[in-house]
Amino acid sequence: MSLPGTKNWGWGQKSLELCKSPTAQRWLLSHAGTRITWRGGESALHSPGHSVRWWWVWGAAAPMAPVTQHQIQKFHEDGFLVLERFFSAEECDSMRSQMQRIVAEMEVPPHCRTAFSTKEEEQLQAQGSSDYFLTSGDKIRFFFEKGVLDEKALHAYDPVFKQITHSPKVQELGRELGLERPVVVQSMYIFKQPGIGGEVTPHQDATFLHTEPLGRVLGFWIALEDATQENGCLWFIPGSHTNGIARRMVRAASGASTCVEFVGSEPAYDDKQFIPLPISKGGLILIHGEVVHKSELNSSESSRHVFTFHVMEAKGTTWSKENWLQPTPELPFPSLYT
Ligand SMILES: O=C(O)CCC(=O)C(=O)O
Ligand SMILES: [Fe+2]
């Protein structure tokens, strides 16, 4: 491996290289095609800006993404965490081409043309009146919003998305975050097409994915293309995950005119509270279930494809029976670690 910033290290008779990957902010120790991935953290080994802990994986597996104690602490403070270059360009392209194949093969009957929205009135009109939405938890289903198409249950049924969701580096990240029994509750592919990809209004994910206690839901949001302020990157209110939840979307009583309704209402947030988090292709943003976030409409010429899935720490947690999304006998929420 010849990478910039390579240092040679002697180890017995063998020569090993400690090098900084150009595509990932991590150190790799390589020897004869095998490599050891060094993880961030405390240790005796130091280089400017990087402290390294003794942690390694043999073999040519995809490099593990680093997350330091400092980053985990930041996540708890802010309610989100940006991990640049978590996935490779190849992994992103494989998800994009898989979605292209799925779309090319899909047939969407007219009664299935349900819009996906976080806007309350639109939700009540569209999702709220649709059985197609309520039963989407264990199926791959399509939701349109002015050209936006979302995909459900990709994490369970599609081999490419399943492999990404349950990839060793995602599992490792879950362990580093202290998740003991994480289960995948939901996944979406969001196209956010140029010019027409609509805004996602400020919300907390726990409004839609409620648990007892709160604080057990975590979003993994993967940029499959560069996400910029122009094409609708995510915006967050740092620290807003510590104030509980403002509203809940619950299943309505049977016989009601809509099948979901809202309890509570979303406050009017000041735009100035939000900070944009542009991120390049392959980056991962972790989203705390109660942090307030949004995205603007895509007014640019470039699409902003993302794959996102939500995980719940199942240990000591009750999934609300009132959530629109329910596990089914065919698809109980799968463990992240299998
Ligand atoms: O991608 C977006 O614009 C919004 C996604 C989102 O809110 C989420 O993944 O929780
Ligand atoms: Fe969200």
Side-chain angles (χ1 to χ4, degrees), residues 75 78-83 86 92 95-96 99 115-120 122-123 127 136 143-155 161 164-165 170 184-211 214-237 240-241 245-249 266 269 274-281 283-300 302-312 323-325:
F75 171 72
D78 293 337
F80 58 81
L81 180 65
V82 178
L83 295 171
F86 193 88
C92 294
M95 287 186 263
R96 287 179 52 202
M99 183 47 67
F116 176 83
S117 172
T118 49
K119 269 192 201 145
E120 200 154 312
E122 285 177 7
Q123 238 150 14
Q127 272 127 274
S136 67
F143 295 89
F144 297 88
E145 182 210 18
K146 293 175 271 172
V148 180
L149 175 61
D150 289 359
E151 265 282 341
K152 303 271 170 178
L154 289 165
H155 61 282
F161 291 97
I164 292 286
T165 306
V170 168
V184 186
V185 297
Q186 184 253 13
S187 59
M188 291 190 284
Y189 190 100
I190 305 175
F191 286 73
K192 199 115 171 163
Q193 299 291 38
I196 52 172
E199 64 171 336
V200 172
T201 55
H203 67 280
Q204 299 167 290
D205 293 339
T207 290
F208 309 97
L209 310 171
H210 191 264
T211 60
L214 285 169
R216 301 299 173 92
V217 165
L218 176 62
F220 289 71
W221 187 97
I222 305 161
L224 305 184
E225 301 180 294
D226 293 349
T228 63
Q229 283 197 47
E230 291 69 42
N231 71 359
C233 69
L234 290 180
W235 293 68
F236 286 83
I237 303 183
S240 54
H241 60 303
I245 51 163
R247 61 177 177 145
R248 282 189 62 187
M249 187 174 90
E266 204 67 43
Y269 299 104
F274 286 90
I275 59 159
L277 290 189
I279 189 166
S280 35
K281 175 175 175 175
L284 168 69
I285 300 183
L286 288 177
I287 308 175
H288 186 287
E290 278 107 78
V291 75
V292 178
H293 57 289
K294 66 169 185 177
S295 68
E296 305 288 355
L297 68 86
N298 181 354
S299 54
S300 79
S302 355
S303 56
R304 191 226 61 176
H305 288 201
V306 307
F307 176 56
T308 168
F309 59 91
H310 283 86
V311 159
M312 168 181 71
N323 283 338
W324 65 273
L325 170 74

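Along the sequence shown, the residues carry numbers beginning at 1. As the structure lists them, so they are numbered: ligands from 1, and atoms in each ligand from 1.
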Exercise. Out of Ile164, Leu284, Thr308, which residue meets the side chain to side chain contact (heavy atoms under 4.5 Å, CB included) rule with Phe220?
Worked result: Leu284
Problem set entry | Closest Asp205 atom to the Fe ion (ligand 2) [N, O or S only] | OD1
Exercise. Applying a strict 4.0 Å limit to heavy atoms, is His203 in contact with ligand 1?
Worked result: yes
Exercise. Does at least one non-hydrogen atom of Met188 fall below 4.0 angstrom from an atom of ligand 1?
Worked result: no
At a 4.0 Å threshold, what atoms of ligand 1 neighbour a non-hydrogen atom of [X]?
X	value
Ser295	2 (C), 3 (O)
Asp205	10 (O)
Thr308	9 (O)
His293	6 (C), 7 (O), 8 (C), 10 (O)

Exercise. When you check the side-chain N and O atoms of Ser187 and His155, is any donor under 3.5 Å from an acceptor?
Worked result: yes
Exercise. Between the candidates His305, Gln186, His310, Arg304, which shows the shortest non-hydrogen contact distance to atom 2 (C) of ligand 1?
Worked result: Arg304
Exercise. Going by an N to O cut-off under 4.0 Å, is there a salt bridge joining Arg304 and Glu225?
Worked result: no
Problem set entry | Partners passing salt bridge (Lys or Arg N to Asp or Glu O under 4.0 Å) against Arg216 (at least two apart in sequence or in another chain) | none
Exercise. Who are the side-chain contact (heavy atoms from CB on, under 4.5 Å) partners of Leu214, not counting sequence neighbours?
Worked result: Ala206, His210, Ile245, Glu290
Exercise. What class does the angle between the rings of Tyr189 and Phe161 fall in, given that below 30° is parallel, 30 to 60° is tilted and above 60° is perpendicular?
Worked result: perpendicular
